[in-house]
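Step one of this worksheet: look at the structure below.
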Amino acid sequence: MKNAVFKFKMNWRAFWVLSITFVLTAILAFVRIAAENTIGRVSLQGYEVGQIAAEDIYSPMTIESTTFGEPSVEKDDLIVKKGYPITLEQYDILKTIADSPTSTDFVALGKSFLFLLLMAVLFYFLFSDPVTNRRVPMQELIFCAICYVASYAVCSLCIGLGNLDPSSTLLLVMPTSLVVFLVTIIYGNVTGLVMGAIMSAGVWEACGYNNLILGYVLASSLMSARLVKTVHTRNGLVTISLIQTVFNMIVILLLELVFGFTTSIKLGDGNVIFGVLGNIRSILTVPVFVGINGFLSGMLCLGLLTPLDLMLNTTSPFRLKDLADMDNEIFHEMQKKAVGTYNHSLSVASMARSACDAIGARSQLAYVGAIYHDIGKLKNPEYFTENQIGIENPHDSLDPIISAGYLEKHVSDGVEEARELGLPKAVINIIAEHHGNSEKAYFMRKEMELNEKRPKELQKSKEEIEEEYRYKEPRSTSRESAVVHLADSVEAASVSNKDKLLTSEDRQRLIENIVNAKIADHQLDDSGISYGDIEKIKAAFLKELNDKNYSRIKYQSDPVATQDQQQEPSAGEKSESETAERKAPPKESTEKKDAEEDDGAKSRRTTRRTVRSKKTASED
């Protein structure tokens, strides 16, 4: 591996995508500012009679009086003073200014254009390769740009043309949670977080720099990205929708306490009970709106996800789960034609998933890539050692260069088969890169041995042979691809050297040698794998190999033998028992002899007792 150096390279395709994004948002900003009822830069809906003004409001235009005796309003005259309530007369003046066709604020329009340009530049850099540490697919960038423009369009058109209140009614239709749900599930948590931040800034500008809106959208977006980070089932998405509903309601209530309630609270004139109920209804209006928005976002995401998965050919958790179903036809075929490859792929997948969990990579993507990585072997399964059970190795009679060609071909055949199956691009990349441009070591050594026996003039140089016996595929371009590459090599070597790997130290040494050789061969240079990741990957591999080589208590009988064989004595044992039976006397004679011996013993004991009693009597 080589140390990463921050290099900036202009991505012109991304530049044009984000230039179009800026133009579209600028048009939407112009429509909003030209159509909405504004005084300066603030919507008329931000004012009402009796409200305490949060800032000084000056007239942007001259207004001639329509009533005799009323003074006209000159341009730049102070209409409302900060900290004082807005009177009915002042509100009428504000409404007249807002309804005027000449009230378009070109200064505000220029500020919006600059802000949107800044957002487009920020968008470009946040999705650039040095920042993301990966090549962002154009499909991902276009989808995120469309989502950003769509959310900005909803806010701009609803405020400008629909005349909705940004702090209440707009929150019901604002699609921020839906967008973050979709982006996070399809492209990952980091992309979802970035998208949530950019979209929050865009909505903030579209809503007249309303801090309550900014706080709500940002908090809701971050929570949405966090909630769907680990979702893998559709039932889980329903649960997340309910959690998002409750979270949105709590956040908006807290923000209203900080920034002030968006609906006015009346101090009871008349019936106190109805006044209290009216205030409760006013206070809960906005939380109910955002709660409905959160739940509907989850339900819409559930409905849109499947068609988007198929249309974009994504690697969302739901799509990957479907691809990992071992009941798929391709795996049935593999079990029939190449059972060794099937078992090898499952072992590699287990190792790759554990390693990716350890380094924080996409373990589900690595697992799917691993179970499909050798599907190219289905065309010629007998040319791979794991499938040569009970048959001769065809490579024994082939020239090494032809054998190496079969190895090379299984990668291109796998890519072709993956495209026919419609697998996502990320999975196809893993299939194409799982050997990188590494050496075909076994056949290369075989070629070198043959090369030494050739005449001098026909011999090839070592460099020529090494170049000839390398795979022609690209090296790993993602962490998941690199992990599968390493897992493939370690698993194959562990099976080949099974008899030598008796202890955990032996397995650790094998892993160290293979990984270090891959690093020295520069197979991981383009993957984004760090040296810290390497240590975690090796530890995960070692645990997998140790778990795979577990030991059990020995059976008291041979589990391979049949029940009758286990009960019958062996030939040697049988002959010994027969000899013992021949040597032993018949059972009846033995019993009679034992009985006679018992009778004799009893008579002897009786005689001894009689003698002792007579002796005692004489002494007395």
Side-chain angles (χ1 to χ4, degrees), residues 26 28-116 118 155-171 201-216 255-267 269 282 286:
L28 290 167
F30 175 79
V31 171
R32 183 190 73 249
I33 294 174
E36 70 181 352
N37 294 331
T38 58
I39 303 93
R41 184 63 193 92
V42 184
S43 172
L44 178 64
Q45 293 171 344
Y47 304 105
E48 63 181 20
V49 177
Q51 176 185 344
I52 302 300
E55 60 182 339
D56 291 334
I57 303 175
Y58 296 90
S59 175
M61 57 188 293
T62 299
I63 303 175
E64 296 294 336
S65 174
T66 58
T67 304
F68 180 76
E70 288 289 334
S72 61
V73 177
E74 299 293 335
K75 184 179 179 181
D76 296 328
D77 280 355
L78 179 65
I79 302 173
V80 178
K81 187 172 179 59
K82 180 180 178 181
Y84 287 85
I86 299 175
T87 65
L88 179 59
E89 292 77 15
Q90 291 171 334
Y91 184 81
D92 288 339
I93 295 173
L94 295 178
K95 190 172 186 308
T96 301
I97 295 172
D99 292 338
S100 171
T102 60
S103 64
T104 300
D105 191 338
F106 289 100
V107 174
L109 188 61
K111 291 179 179 179
S112 290
F113 285 176
L114 288 175
F115 184 90
L116 294 172
L118 174 63
C155 294
S156 296
L157 297 178
C158 286
I159 292 173
L161 301 179
N163 206 27
L164 297 183
D165 184 356
S167 299
S168 57
T169 316
L170 179 62
L171 295 177
V203 169
W204 179 51
E205 189 278 332
C207 293
Y209 304 103
N210 188 314
N211 291 330
L212 184 145
I213 296 293
L214 174 64
Y216 165 74
L255 290 173
E256 283 191 321
L257 287 173
V258 174
F259 294 106
F261 289 98
T262 56
T263 54
S264 60
I265 299 176
K266 299 178 181 179
L267 302 175
D269 294 334
S282 298
V286 176

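Just so you know, these numbers come straight off a predicted model, no measurement behind them.
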Closest heavy-atom pair and its distance - Leu255, Leu212: CD1-O, 3.8 Å

Non-hydrogen side-chain atoms of Ile213 and Leu171 separated by less than 4.5 Å: yes

Shortest non-hydrogen separation from Ala26 to Phe113 and the atoms involved: O-CE2, 3.3 Å

Closest non-hydrogen atom pair, Trp204 against Asn210: CD1-O, 3.3 Å

For the student: nearest non-hydrogen atoms of Arg32 and Ser112, plus distance: NH2-OG, 3.7 Å

